[in-house]
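Have a look at the structure below before the remarks.
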Amino acid sequence: MKARTNWIPTIILLIGAVYCVLPVVWIVIASTKTNSELFSTAPFAPSFHGGFFSNLRALFAYDHGIFARWAVNSVIYAVGGATLSTIVCGCAGYALGKYRFHGSVWLFRLIVAAVLLPQIMLAIPQFLLLAKFGLTNNYAAVILPQLVSPFAIYLCKVYAEASVSDEVLEAARCDGASEWRMFASIGSRLMMPALVTVFLLQFIGIWNNFLLPFVMLNRDQLFPLTEGLYGLLIITGGQAAQYTIVIVGVLVSIVPLAAVFLLLQRYWRVDLVSGGVKA
């Protein structure tokens with residue numbers, strides 16, 4: 001018997017897919033246009049007059065190549081912050097999942113409650129706290145607030161409980177392994193899918209973060225791509241000459257995200273995210 005197609009969910013999914021893909025398609029097409037073509041041609045009609053390469057050269061030549069500096073800053077923030085956050089959240093999640101200590105239950109409940117707290121509410125308090133220690137307007141100002149992610153800790157805790165067997169840890173203790181050695185040699189390997197998932201989520205979140213660098217930084221040499229391109233768009237004064245540069249900059253900024261996702265996609269576990277949300 002031939003299964004019937006449920007058209008309503010299919011149409012909704014197609015509309016959602018178009019909604020997500022359409023802006024990216026527009027950016028790719030708009031990056032091929034010259035300044036005059038950007039506003040004089042159809043939005044989804046590509047240009048084949050060499051506009052993309054001229055825009056790319058103009059982008060990297062702008063203000064003595066400051067776009068390259070913004071790109072390096074974004075790599076430092078995203079890779080450094082995601083790596084350190086994965087280590088911190090992995091250790092915290094493993095400890096909450098495999099050990100019972102005084103206050104661990106209430107600590108975990110507090111972390112779950114913190115998942116519901118919008119990050120935008122923390123930007124100003126974090127700025128005031130870091131300003132007390134003179135840590136604003138530098139790389140640490142962007143990386144330090146990203147180290148602890150309540151959702152990532154929750155994710156690692158749930159995965160550690162499910163994947164790291166107590167019998168394996170007990171056997172390692174009988175062999176004389178220390179607690180840290182057990183986490184480094186056994187726990188972290190069994191939790192690798194969760195750790196890679198946390199790294200991907202943190203990398204994407206930090207790479208796309210705009211508010212925190214906007215609050216913490218005031219030197220353009222320290223800007224990431226998000227804040228740099230925003231500033232470049234603001235100082236255009238409505239001039240079309242800079243719009244094409246910003247559009248190409250947005251397109252270039254998407255490439256590292258796609259590369260990291262494709263490189264680590266074999267570790268990607270959608271069920272980790274969905275299970276963490278549903279639990």
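Between Y139 and Y77, the ring planes are tilted. Angles from 30° to 60° get that label. Aromatic ring orientation, F151 versus Y154: tilted (interplanar angle from 30° to 60°).
By the criterion of side-chain heavy atoms lying less than 4.5 angstrom apart, applied directly or through intervening Ile, Leu, Val, Met, Phe, Trp or Tyr residues, F39 is grouped together with W26 in one hydrophobic cluster. Side-chain heavy atoms closer than 4.5 Å link hydrophobic residues (I, L, V, M, F, W, Y) into clusters, and following such links, even through other members, never connects I254 to L262. At a threshold of 4.5 Å between side-chain heavy atoms, the hydrophobic network of Ile, Leu, Val, Met, Phe, Trp and Tyr places V25 and L14 in two separate groups. In the hydrophobic clustering of this structure, V255 does not group with I204; members are Ile, Leu, Val, Met, Phe, Trp, Tyr whose side-chain heavy atoms approach within less than 4.5 Å, directly or through other members. If you chain together hydrophobic residues whose side chains sit under 4.5 Å apart, V260 and L251 fall into the same group.
Remark: the backbone N or O of L225 is not paired with any side-chain donor or acceptor of S253 at under 3.5 angstrom. Side-chain atoms of Q202 come within 3.5 Å of backbone N or O of Q146 as a donor-acceptor pair. Of the possible polar contacts, one joining the S188 side chain to the F183 backbone as a donor-acceptor pair under 3.5 Å is found. Between the K33 side chain and the A45 main chain, a donor and an acceptor come within less than 3.5 Å of each other. Side chain of S85 to backbone of A82: no donor-acceptor contact under 3.5 angstrom is found. Side-chain atoms of D175 never come within 3.5 Å of backbone atoms of A177 as a donor-acceptor pair (strictly under, hydrogens ignored). A donor-acceptor contact shorter than 3.5 Å links the side chain of N55 to the backbone of S31. At least one donor-acceptor pair closer than 3.5 Å links the side chain of N73 to the backbone N or O of Q221.
Distance CD1/I15 to OG1/T10: 11.0 Å, rounded to 0.5 Å. A distance of 13.0 Å separates CG of L222 from CE of M216, quoted to the nearest 0.5 Å. Residue L232 holds its CG atom at 8.0 Å from CG of L59, rounded to the nearest 0.5 Å. Atom CD1 of I247 is separated from atom OG1 of T32 by 9.5 Å, given to the nearest 0.5 angstrom.
With a 6.0 Å radius and a threshold of 12 heavy atoms from other residues, nucleotides or ligands, F133 has its CZ atom at or below the threshold. Summarising the local packing, CZ of R173 is surrounded by more than 12 heavy atoms from other residues, nucleotides or ligands at distances under 6.0 Å. The neighbour count for F108 CZ, taken as heavy atoms of other residues, nucleotides or ligands under 6.0 Å away, is above 12.
In this structure the side chain of V142 never reaches within 4.5 angstrom of the side chain of P224, judged on heavy atoms.
Using modelled atom types and a 3.5 Å distance limit, the side chains of R100 and S104 yield no donor-acceptor pair.
When each of L122, V215, L212, L135 is paired with F127, the side chain to side chain contact (heavy atoms under 4.5 Å, CB included) condition holds for V215 and for no other.
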